[in-house]
Amino acid sequence: MSDRTTGSPRPGAGPGGPASPYDVVVVGSVNADLVVRVARRPAPGETVIGSELATHPGGKGANQAVAAARLGARVAILGRIGSDGHGEFLREALRADGVDLGHLIETPGPSGVALISVGSDGDNSIIVSPGANGRLTEDDIAAAERLLSSAPVVCLQLESPLATVVAAARVAGRVVFNLSPPAVVPDELLEACDPLVVNQHEAALLLGSHDTPGRQARELLSLGPRSVVLTLGADGAIVAEGEDVTAVPSPRVEPVDTTGAGDAFTGALAWRLSQGDHLVAATSFAVRVGAASVRRHGAQSSYPRIGDLESL
């Protein structure tokens, strides 16, 4: 079976147009999330009994695309899915949420899969098998250069090959880059970020040490990104831009499941930036979306629509 795309662009989305038909383009992973709930996660060498296995659409790229689309953004995703049953399931889930599939490529073999255990406290542990996501190439980026260069915001993460992510950053306009899963990346990629989005663990990997959030944010700016958003979970986020460091609080909620909350945040942030919000205002909106997402089970299934934010 040869590679094939799995959808059609929106009307007017062909090359040569003066403006993008999309608010956000996401370059990234599309995974099937295989989720088991446990009273506690096992220690090394230990076996515990969990719940029945549940399968949900996921992947950091797809999650960010769906999060933005549910809020009202016009979103396209550039990625790869497998020719297996998971691929069909993932394609239909994205389509149902209004994500444009004209640049989602089907490739022979398995789709990406994430193995997720969710503890009684709502926190999770995740192992990702990349599958088709690992076959997204620099040639795929070159073929979609006009798509990426014309989009107001392009979202990137690291569940795709690093060389592919760097190639996307080179041709994109405004890059929102989430350093997840955490890894050492070239200066070229960091310098393209506006903003770099990291949690404290990811920040510590880049900086080589832990520190207070405000200091971490300032130190991250010195690595080259144009701006930084440091996410703090229930404590909100820190925004660093120029000489300013701003704390953005989060609404207090009772967490049920934190799976995909960071992606909900990033998708919401990207959408508001595409609409012209300043970074602090966009971050304030995004922390509300992230807080709303942890009140429900699952990743994409937990993502709010605009009306769901009224109580926050």
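Because only heavy atoms are used, hydrogens play no part in the values below, and waters and symmetry mates are left out as well, while side chains stay in.
Residues Asn133 and Pro161 share a closest heavy-atom pair of O-CD, 3.4 Å. For the pair Gly58 and Ala62, the tightest heavy-atom approach, listed with the atom from each and the gap, is O-CB, 3.4 Å. Closest non-hydrogen pair, Gln64 versus Cys155, comes out as OE1-CB, 3.6 Å.
Within 6.0 Å of the CD1 atom in Ile49, the count of heavy atoms belonging to other residues, nucleotides or ligands does not exceed 12. In the displayed structure, Ile127 atom CD1 is contacted under 6.0 Å by at most 12 heavy atoms of other residues, nucleotides or ligands.
Taking a cutoff of 4.0 Å between a charged side-chain nitrogen and a carboxylate oxygen, Arg296 and Asp308 qualify as a salt bridge. Comment: Asp140 engages Arg80 in a salt bridge, judged by a side-chain N to carboxylate O separation of less than 4.0 angstrom. A salt bridge does not link Arg95 to Asp100: none of the charged nitrogens lies less than 4.0 Å from a carboxylate oxygen.
Linking Ile, Leu, Val, Met, Phe, Trp and Tyr whenever their side-chain heavy atoms come within less than 4.5 Å leaves Leu205 and Leu190 in two separate clusters. At a threshold of 4.5 Å between side-chain heavy atoms, the hydrophobic network of Ile, Leu, Val, Met, Phe, Trp and Tyr places Val185 and Val171 in one connected group. No chain of hydrophobic side-chain contacts below 4.5 Å, direct or via other Ile, Leu, Val, Met, Phe, Trp or Tyr residues, connects Leu115 to Leu90. In the hydrophobic cluster analysis, where Ile, Leu, Val, Met, Phe, Trp and Tyr join through side-chain heavy atoms closer than 4.5 angstrom, Phe177 is grouped together with Leu207. One hydrophobic cluster, built from ILVMFWY side chains closer than 4.5 Å, holds both Phe89 and Leu101.
Contact check for His86 versus Pro110: no side-chain heavy atoms found under the 4.5 Å cut-off. The closest side-chain heavy-atom distance from Thr283 to Thr246 is not below 4.5 Å. Side chains of Pro195 and Leu279 form a contact here, defined as non-hydrogen atoms less than 4.5 Å apart. The side-chain heavy atoms of Phe265 and Val287, taken from C-beta on, include a pair separated by under 4.5 Å. At least one side-chain heavy atom of Leu189 sits under 4.5 Å from a side-chain heavy atom of Leu162. Within the 4.5 Å cutoff, the side chain of Pro152 has heavy atoms near those of the Ser20 side chain. Using a 4.5 Å heavy-atom cutoff, the side chains of Pro130 and Glu159 are not in contact. Counting heavy atoms from C-beta outward, Leu71 and Ile306 have side chains that approach closer than 4.5 Å.
Residue pairs that meet the salt bridge (Lys or Arg N to Asp or Glu O under 4.0 Å) test with at least one member in residues 168-181, sequence neighbours left out, are Arg170-Glu188, Arg174-Asp194. Note on residues 43-67: pairs passing salt bridge (Lys or Arg N to Asp or Glu O under 4.0 Å), not counting sequence neighbours, are Arg40-Glu46, Lys60-Asp263.
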Inset, instruction - Give the intermediate values and the outcome of salt bridge (charged side-chain N to carboxylate O under 4.0 Å, His left out) for residues Asp235 and Arg252. - result: CA-CA 9 Å; Asp235 292 326; Arg252 292 296 173 183; 3.1 Å; yes

Inset, instruction - Please assess Val99 against Val26 for the test side chain to side chain contact (heavy atoms under 4.5 Å, CB included), listing each intermediate value before the final yes or no. - result: CA-CA 10 Å; Val99 177; Val26 180; over 6 Å; no

Inset, instruction - Please report the C-alpha distance between Asp23 and Val75 in whole Å, then the side-chain angles of each, then the deciding distance to 0.1 Å, and finally whether the side chain to side chain contact (heavy atoms under 4.5 Å, CB included) criterion is met. - result: CA-CA 6 Å; Asp23 302 312; Val75 184; over 6 Å; no

Inset, instruction - Go through the steps for His278 and Glu241 under the test side chain to side chain contact (heavy atoms under 4.5 Å, CB included), then give the verdict. - result: CA-CA 11 Å; His278 293 297; Glu241 189 173 25; over 6 Å; no

Legend entry - Stepwise side chain to side chain contact (heavy atoms under 4.5 Å, CB included) check, Leu158 with Leu179: CA-CA 6 Å; Leu158 287 177; Leu179 186 82; 3.7 Å; yes

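Proximity of a side-chain donor or acceptor of Ser120 to a complementary backbone N or O of Ala39 within less than 3.5 Å is detected. Panel note: side chain Arg288, backbone Leu309; a donor-acceptor pair is recorded below 3.5 Å. No donor-acceptor distance shorter than 3.5 angstrom exists from the side chain of Ser250 to the backbone of Gly236, with no hydrogens or angles considered. A distance-only check finds no donor-acceptor pair linking the side chain of Asn199 to the backbone of Thr231 [under 3.5 Å]. Checking side-chain atoms of Ser284 against main-chain N and O of Ala281 turns up no donor-acceptor pair under 3.5 Å. Remark: the backbone N or O of Gln216 is not paired with any side-chain donor or acceptor of Asp211 at under 3.5 angstrom. When atom types are taken as modelled, the side chain of Asn178 and the backbone of Gln157 share no donor-acceptor pair closer than 3.5 angstrom. Judged purely by atom type and a 3.5 angstrom limit, Arg74 uses its side chain to pair as donor or acceptor with the backbone of Pro21. Under a 3.5 Å cut-off, the side chain of Arg91 and the backbone N or O of Leu104 do not form any donor-acceptor pair. For the pair Ser83 (side chain) and Gly109 (backbone), a donor-acceptor distance under 3.5 Å is present.
No option in Ile141, Val175, Ile77 other than Ile141 meets the side-chain contact (heavy atoms from CB on, under 4.5 Å) test with Val27.
A side-chain donor from one of Ser125 and Arg41 sits under 3.5 Å from a side-chain acceptor of the other.
Grouping Ile, Leu, Val, Met, Phe, Trp and Tyr by side-chain contacts under 4.5 Å, direct or through others, puts Val128 with Val35, Ile116, Val118, Ile126.
A distance of 3.5 Å separates OH in Tyr303 from CG in Asn63, rounded to the nearest 0.5 Å.
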